[in-house]
> 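Below are the structure tokens for one structure; questions will follow.
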Amino acid sequence: MIETKEKIWLSSPHMGGSEQDYVNEAFDTNWIAPLGPNVNAFEHAITENLGDGVHVAALSSGTAAIHLGLQLLGVEKGDEVLCQSFTFSASANPIMYLGATPVFVDSEKDTWNMSPSLLRKAIENRILEKGAPKAIIAVHLYGMPYNVEAIKSVANEYSIPVLEDSAEALGSTCMNKACGTFGDIGVLSFNGNKIITTSGGGALVSKNKLFRDKAIFLATQARDDAPHYQHSNVGYNYRMSNVLAGIGRGQMEVLQDRVNARRSNYEFYENKLGSIKEIEFLDEPEGFYSNRWLSCILTPSFEIRELIRLALLEENIESRPLWKPLHMQPIFTEYKNFTDGTSESLFARGLCLPSGSNLSLTDLERVTDCIKKVML
Ligand SMILES: *Cc1c(COP(=O)(O)O)cnc(C)c1O
């Protein structure tokens, strides 16, 4: 009989222990609804964690938060929205929901996130050809903060608001301030594979309380203030369930433990593989603190990347190529892009290694032993 080795996942949920108690509380008190004490307490915990006087609306997904966020920033049919190309498709799909047009901007090498100089080039081109873009979507990919100061300064120069996609970066900071607090609107995700999870969920964050209040209004079917059901706006059913918010409450209690565990995965990989000169890691620039949601490596070529990926697969270890840039995605190739080959090269050469906060030392050693066998 051939024994299959135990599967090592890329990033799997990791409960802390008290989630079930909060979920039971929802059942015991019959708060089985898209509002209730768990939702309020979860929002409070996020607010406390992010600091800087932010207001938080818990929603059904990060994608829903981006959809509402773009609408709050005034994005309408026919408008252009600048979006980081090197990201997950959910960053850009809500642009399409609104009938707006995405324009993609490539990454810089230091953070793998939106290049401030290409952002400027894109804005100047669009102002000449069409008029100023309505919003900028910048992403803290894999938990590494984007160049917050430089992006903000370009955005301010042209008075274009920033939607900060922090779906992968809860627990990351830049210059000691929390990711999620930098944009005019910030977005978090609690999907099953993220650093903490409610199985599915998200949040919209803003220092502007009006944005938070309007988001909740729109997320709960946009009911006017009247005894009957009256509507003057198109609404959505995007609020978070009180049952799922119970999971979120428990997860917030262990967030820093999860960050520490993922950062130590990254350190383990760097220690064990750093001496192999063909393998590169993404260091944190001065003042940047990544939650290391996923640990990523860069290899010299697509062929070597594939050798490693397939060798891991053979050992029943899940790994994943870096995100395919959106300007290369069949659904988005027709849209304008301002690129210089950076994200295309990252996509060809990069691999995400198993990164869960619940991996054992034995799991991590299986990963590095397998990669060493390919490379040495
Ligand atoms: C997960 C993710 C989203 C979407 O969040 P959901 O909660 O899954 O809808 C958006 N952007 C990025 C970069 C993500 O990783």
Side-chain angles (χ1 to χ4, degrees), residues 10-13 34 42-43 46 56-71 81-98 102 104-107 111-114 135-146 151 162-172 179-180 182-183 185-205 215 219 236-241 244-245 247-248 251 258 262 290-296 320-327 329 331-332 343 346-347 350 352 355-356:
L10 188 73
S11 176
S12 66
F42 183 40
E43 286 175 343
I46 300 169
V56 174
L59 300 172
S60 54
S61 71
T63 311
I66 297 172
H67 189 191
L68 293 182
L70 289 177
Q71 209 166 310
V81 175
L82 298 171
C83 183
Q84 182 165 322
S85 184
F86 191 45
T87 183
F88 178 44
S89 65
S91 301
N93 280 333
I95 303 171
M96 311 300 284
Y97 304 167
L98 292 167
F104 295 108
V105 179
D106 214 337
S107 289
T111 63
W112 295 1
N113 292 313
M114 186 179 268
I136 297 163
I137 301 176
V139 188
H140 307 296
L141 213 64
Y142 302 119
M144 180 64 78
Y146 62 76
I151 295 291
V162 175
L163 186 137
E164 177 193 5
D165 181 344
S166 194
E168 300 178 1
L170 181 60
S172 298
C179 287
F182 297 118
I185 287 175
V187 167
L188 303 174
S189 167
F190 309 107
N191 199 25
N193 56 353
K194 298 287 157 57
I195 190 146
I196 61 166
T197 182
T198 58
S199 83
L204 182 144
V205 178
Y236 302 90
N237 184 3
Y238 275 174
R239 197 75 162 115
M240 179 177 278
S241 150
L244 300 187
I247 306 176
Q251 289 272 277
R258 301 297 178 259
R262 290 194 185 240
S290 169
N291 67 12
R292 297 291 187 190
W293 172 56
L294 296 184
S295 287
C296 307
R320 193 198 283 158
L322 300 191
W323 295 120
K324 180 171 183 171
L326 298 187
H327 72 274
Q329 294 285 0
I331 182 81
F332 292 127
S343 60
L346 292 170
F347 170 57
C352 305
S355 301

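The figures here come from the full heavy-atom set of this structure, side chains too, leaving out hydrogens, waters and symmetry mates. We count ligands from 1, going down the list as the structure has it; atoms in each ligand are counted the same way.
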> What protein heavy atom sits nearest atom 11 (N) of ligand 1, and how far away is it?
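The protein heavy atom lying closest is D165 OD2, 2.7 Å.
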
> Can you name the atoms of ligand 1, numbered from 1 with element, that are less than 4.0 Å from a heavy atom of A167?
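Checking each atom against A167, I get 2 (C), 3 (C), 10 (C), 11 (N), 12 (C), 14 (C).
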
> Among all protein non-hydrogen atoms, which one is nearest to atom 2 (C) of ligand 1, and what is the separation to 0.1 Å?
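Ranking protein heavy atoms by distance from atom 2 (C) of ligand 1, first comes K194 NZ, 2.8 Å.
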
> Record the part of S61 in heavy-atom contact with ligand 1 below 4.0 Å; permitted values are side chain, backbone, both and neither.
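Looking at S61 and ligand 1, atoms from backbone and side chain both fall under 4.0 Å.
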
> Would you name the heavy atoms of L170 and I195 that are closest together and state the gap between them?
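Where L170 meets I195 most closely, the heavy atoms are O-CG2, 3.7 Å.
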
> Just to be sure I'm reading this right: ignoring hydrogens, which of G143, S91, S189 gets closest to atom 5 (O) of ligand 1? Compare them by their nearest heavy atoms.
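Considering heavy atoms of G143, S91, S189, the nearest to atom 5 (O) of ligand 1 sits in S189.
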
> When only distance counts, is W293 in polar contact with ligand 1, meaning an N/O pair under 3.5 Å?
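No, no N or O pair falls under 3.5 Å.
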
> Identify the two heavy atoms, one from M96 and one from P102, that lie closest to each other, and give their separation to 0.1 Å.
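Taking every non-hydrogen atom into account, SD-CD, 3.7 Å.
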
> Which residue holds the protein heavy atom closest to atom 15 (O) of ligand 1, what is that atom called, and what is the gap in Å?
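So the nearest neighbour among protein heavy atoms is E168 OE2, 2.6 Å.
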
> Polar-atom distance check: G62 versus ligand 1, any N or O pair below 3.5 Å?
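There is such a contact, yes.
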
> Heavy-atom contacts with A90 under 4.0 Å: which atoms of ligand 1 show up? List them by number with element.
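Heavy-atom distances to A90 below 4.0 Å select 3 (C), 4 (C), 10 (C).
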
> Considering only heavy atoms from C-beta outward, does the side chain of L204 approach that of Y238 to under 4.5 Å?
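No, every pair of side-chain atoms sits at 4.5 Å or beyond.
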
> Give me the atom names and distance for the closest heavy-atom approach of F190 to I46.
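Residues F190 and I46, closest heavy atoms: CZ-CD1, 3.7 Å.
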
> Under a 4.0 angstrom heavy-atom cut-off, which atoms of ligand 1 come close to T87?
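Heavy-atom distances to T87 below 4.0 Å select 13 (C).
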
> By number and element, which atoms of ligand 1 are closer than 4.0 Å to a non-hydrogen atom of G201?
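Taking each heavy atom of G201 in turn, ligand 1 has 7 (O) under 4.0 Å.
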
> At what distance is the nearest protein heavy atom to atom 9 (O) of ligand 1, and which residue and atom is it?
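Here the nearest protein heavy atom works out to T63 OG1, 2.5 Å.
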
> Could you tell me if D106 and S343 have a donor-acceptor pair between their side chains, going purely by distance under 3.5 Å?
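Yes, D106 and S343 have a side-chain donor paired with an acceptor closer than 3.5 Å.
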
> Taking all non-hydrogen atoms of both residues into account, name the closest pair between W112 and L322 and its distance.
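That closest heavy-atom pairing would be CZ3-CD1, 3.6 Å.
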
> Salt-bridged, E43 to R239, with N to O below 4.0 Å?
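Yes, this pair counts.
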
> Does the side chain of M240 come within less than 4.5 Å of F42's, by heavy atoms?
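Contact flag for F42/M240 side chains = yes.
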
